Amino acid sequence: MFGLVDGNNFYVSCERVFQPRLDGRPVVVLSNNDGNVVSRSAEAKQLGIPMGAPYFEVRELLRRHQGQALSSNYALYGDMSRRVMARLADQVPAVEVYSIDEAFLDLQGLTTWCGTLDARAQQIRRDVLACTGIPTCVGMAPTKTLAKVVNRLAKKYPELHGILRLDTDSRRERALRALPAADVWGIGRQYAQLLSAHGIRTAWELAGVSEAWARKNLGGIVGWRLIQELRGQPCQGLQPSEDGTLARQSISCSRSFGQHLTAFDDLWGAVTTYLSRAAEKLRAQGDQAHILTVFISQDRYSAHIPPPYTRSATLTLPSGPTSNTLQLLAYGRRLLEKLYEPGRQYVKAGVVLVGLEPPSRGQQLNLFEPSTEAVVPAPDQERVQKLMCTLDTLNHRFGRGTVRPAATAVVGPQPAPWQGKAQHRSQSYTTRFEDILIVS
DNA sequence: TCTGGGGTCCTAGGACCC
DNA sequence: TCTGGGGTCCTAGGACCC
């Protein structure tokens with residue numbers, strides 16, 4: 001039996017823990033750059049504010065209803081997530097951290113030592129709420145996909161008190177009939193449209209399509225598995241997370257700018273910032289990368305700019321995998337030089353690291369004489385490692401960006417030109433001493 | 001005026017291998 | 001005249017997730 005625990009309106013709930021004045025009011029949390037709505041309180045949902053709505057479209061509506069919009073505060077949400085996951089790990093045999101606000105649980109054998117599964121699920125919810133302040137719902141079912149189904153229903157119907165368990169065929173049928181096919185895990189916009197065109201409205205009807213049809217129309221093997229899981233045949237196991245974190249197969253960092261940028265140095269400042277951050281994540285994961293991509297984008301909403309809006313360049317590092325920020329920056333600069341065109345207005349940039357692997361003992365050498373200008377010479381490995389370790393320690397202890405590449409420096413008191421908007425940011429209550437909550 | 005960021009998996013097609 | 005079979009790796013693109 002799988003459990004799925006999901007934080008209700010997670011980002012909004014994190015904010016409310018430290019700002020009770022937000023209770024009972026329509027509250028939304030915005031994406032980076034204060035762009036779109038990414039989390040909504042129940043009151044905001046009731047106003048009809050859709051997920052993903054551009055902020056400028058709903059600002060007036062929120063104001064009229066004494067609502068509040070908040071800039072996203074990932075330091076806070078990440079830390080609250082860690083606390084929630086730690087509580088879960090304490091109470092079940094295994095946890096798979098699926099996203100910042102969701103985890104699959106292994107419920108095997110839980111009933112034998114603590115009453116019914118339902119009672120156990122309620123106990124987990126109470127514990128998480130008491131220890132972190134985050135309200136959750138729990139779905140329980142024989143497959144991950146069905147656990148997602150019942151979790152959604154538990155959220156939708158308050159009379160279920162936050163939990164729903166699915167263990168018989170008649171319960172499965174009732175649950176699937178109650179859920180629109182478009183709300184099934186794995187059915188996005190395109191597939192929803194296709195299903196609707198074929199008259200398939202509920203998850204129950206979706207579970208009834210033929211295997212051949214699912215294979216043909218819902219992404220091959222992926223669609224086949226989806227149908228199996230809806231019918232109660234598990235196709236995905238639990239992949240327990242080590243120490244509450246996930247080892248990634250790719251690491252990226254990208255941002256929209258607060259204004260249009262045209263100067264190379266400004267773009268380079270942004271790319272330097274993002275690449276430094278990505279390299280930090282890479283080292284935190286204990287990996288090195290051997291493929292680097294840099295991309296820059298123009299405004300895709302602009303009427304007079306033809307696609308493609310994004311141009312990217314990828315390089316397999318000729319000197320082998322590395323997690324050295326300085327070496328990555330040297331390659332990154334060449335990629336950006338390749339992409340940059342003077343006179344164009346750019347709105348976003350980013351970097352992606354792939355080909356991740358743990359450091360090997362020796363450094364990979366190029367069999368053929370490398371064209372010397374293409375290779376960024378790798379300085380002494382041990383010294384570099386020490387340097388990176390010192391960098392990470394300082395930035396962890398004194399705050400992100402305390403020690404950083406000079407290309408990101410800005411003269412004067414104004415924010416960097418690539419800095420995005422965040423006009424309604426709450427404090428980092430749990431991760432900065434200066435921001436600790438004062439109760440008077 | 002204003003429109004996010006960070007991931008996953010799968011498929012198809014081409015180059016190349018023996 | 002006649003032109004195989006079974007692989008791997010890489011890339012681009014498309015779908016999905018939160």
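Numbers restart at 1 for each chain; the letters A, B, ... are given by sequence-line order, proteins then strands. None of the values given here were measured: they were computed from a predicted structure. Side chains included, hydrogens not; waters and symmetry mates left out as well; all remaining heavy atoms used.
- Checking A:Gln327 against A:Thr322 by side-chain atom types alone, a donor-acceptor pair falls below 3.5 Å.
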If you look only at distance, which donor and acceptor atoms sit under 3.5 Å apart when one is on a side chain in residues 187-200 of chain A and the other is two or more places apart or in another chain?
{"unit_1": "A:Tyr191", "atom_1": "OH", "unit_2": "A:Gly219", "atom_2": "N", "d": "3.4"}
{"unit_1": "A:His198", "atom_1": "ND1", "unit_2": "A:Leu194", "atom_2": "O", "d": "3.0"}

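- Evaluation of the side chain to side chain donor-acceptor pair (under 3.5 Å) rule for A:Ser323 yields no partner, not counting sequence neighbours.
- Atoms OH (A:Tyr77) and P (B:dG5) sit 15 Å apart, rounded to a whole Å.
- Both key distances under 3.5 Å define a Watson-Crick or G-U pair, and stretches of 3 or more such consecutive pairs in DNA chain C run B:5-18 with C:5-18.
- A:Asn33 and A:Ser256 are not linked by any side-chain donor-acceptor pair at a separation below 3.5 angstrom, with hydrogens and angles left out of the test.
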Check residues 1-11 of chain A and write down every donor-acceptor pair under 3.5 Å in which the side-chain atom is one partner and the other belongs to a residue at least two apart or another chain.
{"unit_1": "A:Asp6", "atom_1": "OD1", "unit_2": "A:Lys155", "atom_2": "NZ", "d": "2.8"}
{"unit_1": "A:Asp6", "atom_1": "OD2", "unit_2": "A:Lys155", "atom_2": "NZ", "d": "3.4"}
{"unit_1": "A:Asn9", "atom_1": "OD1", "unit_2": "A:Lys45", "atom_2": "NZ", "d": "2.8"}

For a quick test of your reading: what N or O donor-acceptor pairs under 3.5 Å do the side chains of residues 261-274 of chain A make, sequence neighbours left out?
{"unit_1": "A:Thr272", "atom_1": "OG1", "unit_2": "A:Trp268", "atom_2": "O", "d": "2.6"}
{"unit_1": "A:Thr273", "atom_1": "OG1", "unit_2": "A:Gly269", "atom_2": "O", "d": "2.7"}

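- Looking at which nucleotide of DNA chain B each of A:Ser250 and A:His260 is closest to, the 5′-most match is held by A:His260.
- With sequence neighbours excluded, no residue satisfies ring pair (Phe, Tyr, Trp, His ring centres under 6.0 Å) with A:Phe295.
- Here B:dT1 presents its C1' atom at 14 Å from CD of A:Gln259, a figure rounded to the nearest Å.
- Of the side-chain N and O atoms in A:Ser72, none sit less than 4.0 angstrom from OP1 or OP2 of B:dG5.
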Under 4.0 Å protein heavy-atom contact, by nucleotide of nucleotides 7-18 of chain C - B base, S sugar-phosphate only: --------SSSS
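- Of the N and O atoms on the side chains of A:Ser319 and A:Tyr331, at least one donor lies less than 3.5 Å from an acceptor on the other residue.
- Contact check of residues 49-67 of chain A against DNA chain B (heavy atom, cut-off under 4.0 Å) returns A:Pro54, A:Phe56, A:Arg59.
- Listed in residue order, the members of residues 262-273 of chain A having a heavy atom less than 4.0 Å from DNA chain B come to none.
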Donor-acceptor list for residues 345-357 of chain A side chains, cut-off 3.5 Å, not counting sequence neighbours:
{"unit_1": "A:Gln345", "atom_1": "OE1", "unit_2": "A:His260", "atom_2": "ND1", "d": "3.2"}
{"unit_1": "A:Tyr346", "atom_1": "OH", "unit_2": "A:Glu341", "atom_2": "N", "d": "3.1"}

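- Under the rule for a side chain to side chain contact (heavy atoms under 4.5 Å, CB included), the partners of A:Cys131 that lie at least two apart in sequence or sit in another chain are A:Arg87, A:Asp127.
- Identified under the ring pair (Phe, Tyr, Trp, His ring centres under 6.0 Å) test for residues 25-51 of chain A, with sequence neighbours left out: none.
- Between A:Gln285 and A:Arg248, the side chains place no donor N or O within less than 3.5 Å of an acceptor N or O (distance only, hydrogens not considered).
- Between A:Ile251 and A:Tyr74, the residue anchored closer to the 5' end of DNA chain B is A:Tyr74, taking for each the nucleotide with the nearest heavy atom.
- Across the protein-nucleic acid pair, A:Tyr274 atom OH and B:dG5 atom P stand 8 Å apart, rounded to whole Å.
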